[in-house]
Amino acid sequence: MVEPARLSLNTATVRERWTLRQCIEGCARHGIGGISPWRDMLAACGVAEAARLIQDHGLTVTGLCRGGMFPAATASGFQRNLDDNRRAIDEAAAIGARCLVLVVGGLPEGSKSLAGARAQVREGIAAVLDHARRAGIPLAIEPLHPMYAGDRSCVTSLAEANDLCDALGPGVGIALDVYHVWWDAALAREIVRAGRERLLAFHVCDWLVPTRDLLFDRGMMGDGVIDIPLIRRMVEAVGYDGLIEVEIFSRDHWWKEDPDEVLRTLIARARTSI
Ligand code: ZN
């Protein structure tokens with residue numbers, strides 16, 4: 001039972017039909033307390049204009065999606081990725097985001113070295129960390145499901161994210177998304193290990209059986225097999241009291257629906273299935 005004021009809308013959930021301005025106004029209209037914009041939608045709106053709109057509507061910015069994508073095949077490519085992350089940090093600060101979500105990146109083109117990619121991720125986060133600390137923006141590593149190790153995230157479990165936090169120190173935490181971690185036998189233990197300090201964001205949707213697309217077939221809470229209330233209890237037991245961010249990539253279903261209906265549905269499901 002989660003009230004709308006405790007929800008945050010990840011704008012990817014309605015991105016096919018709404019601009020960022022419409023997302024902000026939609027959240028306010030439905031009583032949703034927070035928003036988590038994607039950078040392309042932020043750029044289309046204009047960072048200053050978005051900051052003003054978000055403030056005018058009193059929304060909490062639970063995160064900016066996303067930084068990361070560190071590994072590169074060349075040194076110059078790696079530097080470009082660092083520069084892009086510094087820009088993302090500045091944008092996160094400009095809109096008052098609670099964190100910058102990092103989808104850290106998979107294998108660079110032509111590489112089969114996961115160890116090399118993981119080393120670049122660690123080096124990359126370390127390289128931008130001072131910038132993030134000065135800006136007051138915590139970096140939230142989001143471990144992704146292992147099916148994305150090739151192209152999106154060589155950090156595939158909460159344990160790996162915790163290891164990175166151990167190595168990198170203050171200013172680095174975790175965005176925990178039930179879609180990516182629900183299968184993990186070590187989940188309860190690693191949530192305790194992360195603790196309140198590291199848990200910067202909590203994302204929800206559901207895992208559909210069968211899943212028809214690796215990227216674009218996430219389910220509405222309650223339509224799949226994840227015990228979301230159980231995972232919520234785990235994060236709250238260690239002190240997480242932030243907003244709960246709904247992030248649904250659903251090309252063939254929810255992206256086609258009227259966004260107002262999507263928001264009404266996710267609010268209803270928050271009461272029954274989170
Ligand atoms: Zn997420």
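Numbering of ligands and ligand atoms starts at 1, following listing order. Here the structure is a predicted model, which is why all the values come from computation and not from measurement.
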Under 3.5 Å, side-chain donor or acceptor atoms of residues 86-102 against the rest of the protein: list the pairs with distances, not counting sequence neighbours.
residue	atom	partner	partner atom	Å
Arg86	NH1	Asp83	OD1	3.1
Arg87	NH2	Asp84	OD1	3.4
Asp90	OD1	His131	NE2	2.8
Glu91	OE1	Arg39	NE	2.9
Glu91	OE2	Arg39	NH2	3.3

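In summary, the side chains of His30 and Asp260 do present a donor paired with an acceptor at a separation below 3.5 Å, with no hydrogens or angles considered. Under 3.5 Å, the side chains of Asp227 and Trp182 contain no donor-acceptor pair of N or O atoms.
Remark: aromatic rings of His180 and Trp207 are distant, center separation not under 6.0 Å.
The N, O or S atom of Glu142 with the smallest distance to the Zn ion (ligand 1) is OE2. Shortest distance from the Zn ion (ligand 1) to Glu247 is reached at OE1 (N/O/S atoms only). Restricting Asp177 to its N/O/S atoms, the shortest distance to the Zn ion (ligand 1) is reached by OD2.
A tilted orientation is assigned to the rings of Phe249 and Phe216, their planes being inclined by 30° to 60°.
The Zn ion (ligand 1) has an N, O or S atom of His203 closer than 2.8 Å. Glu245 lies apart from the Zn ion (ligand 1) in this respect, since none of its N, O or S atoms is found at a distance under 2.8 Å.
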